[in-house]
2 protein chains.
Amino acid sequence: MHLDDTDLKLLALIQSDDSISVDLMAKRVGLSKTPCWRRLQKLEKAGYIKRHVALLDADKLELGVSVFVQIKTNRHDASWASEFANIIAEFPEIVEFYRMAGEYDYLMRVLVKDIPAYDHFYKRLISATALTDVTSNFAMEQIKYTTELPLPLNK
Amino acid sequence: MHLDDTDLKLLALIQSDDSISVDLMAKRVGLSKTPCWRRLQKLEKAGYIKRHVALLDADKLELGVSVFVQIKTNRHDASWASEFANIIAEFPEIVEFYRMAGEYDYLMRVLVKDIPAYDHFYKRLISATALTDVTSNFAMEQIKYTTELPLPLNK
DNA sequence: GTTGAAAAGGCCGAACC
DNA sequence: GGTTCGGCCTTTTCAAC
């Protein structure tokens with residue numbers, strides 16, 4: 001499926017603000033209501049739009065501490081990897097999880113209230129998985145965070 | 001402001017799926033329509049809900065490669081830090097940016113299409129900032145990614 | 001907290017150019 | 001791609017309990 005410039009504009013718009021009406025979106029991208037709505041349906045069905053969510057204020061909810069955890073392992077078989085992925089899915093504190101190239105095998109971002117909360121998480125994690133090499137790096141400040149993908153627009 | 005259990009349930013609900021009607025949300029959290037709507041307004045105004053967005057499919061849009069960039073600097077004054085933050089805000093490829101404790105001063109996640117695209121980004125970044133020590137770590141696979149905060153619910 | 005209802009506006013699709 | 005026109009659903013507010 002091919003996306004034209006208007007499709008990309010629409011995607012850029014809704015990934016930035018999904019609370020406006022179809023009518024307003026239409027005006028912003030230079031369409032009228034019906035064709036705009038048809039494009040949104042098409043993009044939704046084609047899977048370009050994964051979900052509609054509300055983003056909450058982590059600081060207000062006392063979840064302002066991000067910890068980046070680097071992990072090395074000596075297990076590299078597929079069955080262990082999928083079992084590991086299942087365990088990670090069960091921890092809501094793990095908000096991101098990547099298989100890495102380079103020195104460390106995995107990298108995760110863990111969201112917690114404070115250092116004691118991280119310690120509590122850490123103990124539960126290592127007892128659930130038996131990992132060899134785990135290095136924790138604390139973020140002091142989140143300076144930027146966005147869910148907006150860098151779409152090829154402003155060229 | 002104090003949040004009760006119903007507030008937390010509502011927040012958990014809308015950060016997972018913001019496309020359902022107020023009526024349905026009300027049923028899910030055990031309220032009727034009107035008080036549910038009032039709570040949502042209250043949470044919005046109090047700033048617990050930051051924004052409503054659509055999450056797009058990064059793979060489909062050819063932005064499937066995450067690169068974690070660790071940065072060291074010898075500048076530690078406030079004016080340089082704020083100038084640096086402004087530059088980072090201008091790069092849409094930088095989707096996350098943290099000031100870190102430990103060996104490296106900053107960590108960023110950069111979203112690009114492929115390695116050449118990262119190289120292009122990298123050149124623009126260092127020409128815009130003049131950084132001393134920059135280490136790039138490539139993610140081979142994104143195993144988990146969620147915008148949902150780990151709210152204290154399922155206790 | 002509840003129900004019920006009414007006004008306003010958005011959604012959705014058909015039918016047309 | 002554009003318009004217009006409905007019926008329907010949701011949102012939002014209000015009264016009454």
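The model shown is predicted, which means the values in this text are computed figures rather than measured ones. Reminder, nothing fancy here: chain letters follow the sequence lines and each chain counts from 1.
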Result block: side-chain N/O donor-acceptor pairs under 3.5 angstrom for residues 49-58 of chain A, not counting sequence neighbours:
residue : atom : partner : partner atom : Å
A:Arg51 : NH2  : B:Ser16 : O            : 2.8
A:His52 : ND1  : A:Asp18 : OD2          : 2.4
A:His52 : NE2  : A:Glu44 : OE1          : 3.4
A:His52 : NE2  : A:Glu44 : OE2          : 3.0
A:Asp57 : OD1  : A:Asp59 : N            : 3.0
A:Asp57 : OD1  : A:Lys60 : N            : 2.9

Show me the donor-acceptor pairs, under 3.5 Å and distance only, between side chains in residues 19-32 of chain B and residues at least two apart or in other chains.
residue : atom : partner : partner atom : Å
B:Ser19 : OG   : B:Asp17 : OD1          : 2.7
B:Ser21 : OG   : B:Leu24 : N            : 3.3

Can I get a per-line list of side-chain donor-acceptor pairs under 3.5 Å for residues 105-113 of chain B, giving both atom names and the distance, sequence neighbours left out?
residue  : atom : partner : partner atom : Å
B:Asp105 : OD2  : B:Thr73 : N            : 2.7
B:Arg109 : NE   : A:Glu96 : OE1          : 3.3
B:Arg109 : NE   : A:Tyr98 : OH           : 3.3
B:Arg109 : NE   : B:Glu96 : OE2          : 2.8
B:Arg109 : NH1  : A:Tyr98 : OH           : 3.4
B:Arg109 : NH1  : B:Ser66 : OG           : 2.9
B:Arg109 : NH2  : B:Glu96 : OE2          : 3.1

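For the pair A:Tyr104/B:Asn137, no side-chain contact is recorded, criterion being any heavy-atom separation below 4.5 Å from C-beta on.
The cluster map of Ile, Leu, Val, Met, Phe, Trp and Tyr, joined by side-chain heavy atoms under 4.5 Å apart, puts A:Met100 and A:Phe68 in the same cluster.
B:Ser32 comes within 4.0 angstrom of a base, heavy atoms only.
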Close N or O pairs between protein and nucleotides 12-17 of chain D (under 3.5 Å):
residue : atom : partner : partner atom : Å
D:dT12  : OP2  : B:Trp37 : NE1          : 2.8

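Here chain B contacts DNA chain C (any atom closer than 4.0 Å to a heavy atom, that is under 4.0 Å), and the contacts span C:dG1 to C:dG4 from 5' to 3'.
When rounded to the nearest whole Å, the span between NZ of A:Lys27 and P of D:dT3 equals 11 Å.
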Please test A:Tyr122 against A:Ser136 for side-chain hydrogen bond (donor to acceptor under 3.5 Å, both in side chains), starting from the C-alpha separation and ending with a verdict. CA-CA 9 Å; A:Tyr122 180 81; A:Ser136 303; 6.0 Å; no
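Contact between A:Pro150 and B:Leu63 at its shortest, heavy atoms only, is O-CD1, 3.6 Å.
For residues 79-92 of chain A, the side-chain hydrogen bond (donor to acceptor under 3.5 Å, both in side chains) pairs, not counting sequence neighbours, are A:Asp77-A:Ser79.
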